[in-house]
Amino acid sequence: MLNVLLVSLVVGSCTQGGGPPESAISDEGDVTYEQLVERITREQREAASKWFPEDPPEEVHVVRIVEQDEWVPAQIDCIAEAGFEVEDAGQGGGIRVVGETPSSQRDSLNRAVFECRYKYPTDPRRGDLLKGDDARTLFRHLRDTVTPCVEGLGYVVDAPPSEDLWISKYLDSANEWDPYEGASGSEEGLSRVYEECPNVPEGLFPSLPEPSN
C-alpha cells in the first residue's frame, strides 16, 4: 500500500492535489501547444517545491504532451527506464508500483515518477474547472449516460441531486454525487466501470493542438 501511495501523491490527477486550478477552459480560448508546455513547466516548478521542499529536482523538459489513453503506457515505459516497474492500476487511468520498493530507493522512485509525469504530461486543461454550459453538460452526462451504464453493469447508483446543487458543489471542488461510488468496493469492478462508462462526454474538452515546429 505504501508504494501505491508514494506514486499516487506525485502522479495523481490535477484534482487530487487540492482541487483544480482557478482558470477555466471556457476562459482560455484558443491556445498553442507551446503555451501549454509553458503552463506545464510553471506547474512543475510549483509541484517540485511542494513535494521535494528540501531538495527540488532539476526542471524537467516536456518531451511530449500525450493524449489521455497514452498516459499510462508512457509512464510505465518512462519509469522503467529509471529502473522501477509500475503497472496500470485501472480505475480511470492510474499507475501503481509492482512489488515492494526498499526504503533506500523510495526517494529515487518518487523522483522518477515526478520526472516522468512532466516528461509525458496530459493536456493540463483537462484538470481545469468547467463552467457554465460545460459544467451542465458534464452533469447531464453523468446523470443521463453514466448512471444507466453503471446500473446496467449491476451496481446501485444513488439518486442524483438537482443540477444546480451539483454544479454549486462542483464549483467549490466538492464531490456532491458520484455515480461510480457503488463500484468502488472492488478494484476490478471499478476499473471495468470506468472503461465501459467513460466519465467525460466526447468533445467536452478542447483537442490537443499540434506543435508549431
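Quantities reported herein were computed from a predicted structural model and do not represent experimental measurements.
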Geometric class of the Y118/F114 ring pair [parallel <30°, tilted 30-60°, perpendicular >60°]
tilted
Would you list the atom pairs, donor with acceptor, under 3.5 Å between side chains in residues 177-185 and any protein atom, with sequence neighbours excluded?
| residue | atom | partner | partner atom | Å |
| --- | --- | --- | --- | --- |
| W177 | NE1 | D158 | O | 2.9 |
| D178 | OD1 | Y180 | N | 2.9 |
| Y180 | OH | C197 | O | 2.6 |
| Y180 | OH | N199 | N | 3.1 |
| S184 | OG | E181 | O | 2.6 |

State the CH2-CZ distance between W71 and R126, to the nearest 0.5 angstrom.
13.5 Å
Say you draw a straight line from OH of Y170 to CG of L138; how long is it, rounded to the nearest 0.5 Å?
6.0 Å
Intermediate values then yes/no, side chain to side chain contact (heavy atoms under 4.5 Å, CB included), K169 and L165:
CA-CA 6 Å; K169 294 293 186 180; L165 176 59; 4.1 Å; yes
Would a distance-only check, ignoring hydrogens and angles, find a side-chain to backbone donor-acceptor pair under 3.5 Å from T145 to R140?
no
For R64, all residues meeting side chain to side chain donor-acceptor pair (under 3.5 Å), sequence neighbours excluded:
E70
Side chain to side chain donor-acceptor pair (under 3.5 Å) filter on E81, not counting sequence neighbours, yields none
Does this structure show an ion pair linking E188 with R192, if we count only N-O contacts that are shorter than 4.0 Å?
no
A cation-pi test, strictly: NZ or CZ of R125 under 6.0 Å from the centre of the six-membered ring of F205 and no more than 45 degrees from its axis. Yes or no?
no
Got a donor-acceptor contact below 3.5 angstrom from the E115 side chain to the V60 backbone?
no
Spell out, as yes or no, whether a donor-acceptor pair under 3.5 Å connects the side chain of S49 to the backbone of E46.
yes
Side chain E196, main chain C149, donor-acceptor under 3.5 Å:
no
Does T101 offer a backbone N or O that forms a donor-acceptor pair with the side chain of R106 under 3.5 Å?
yes
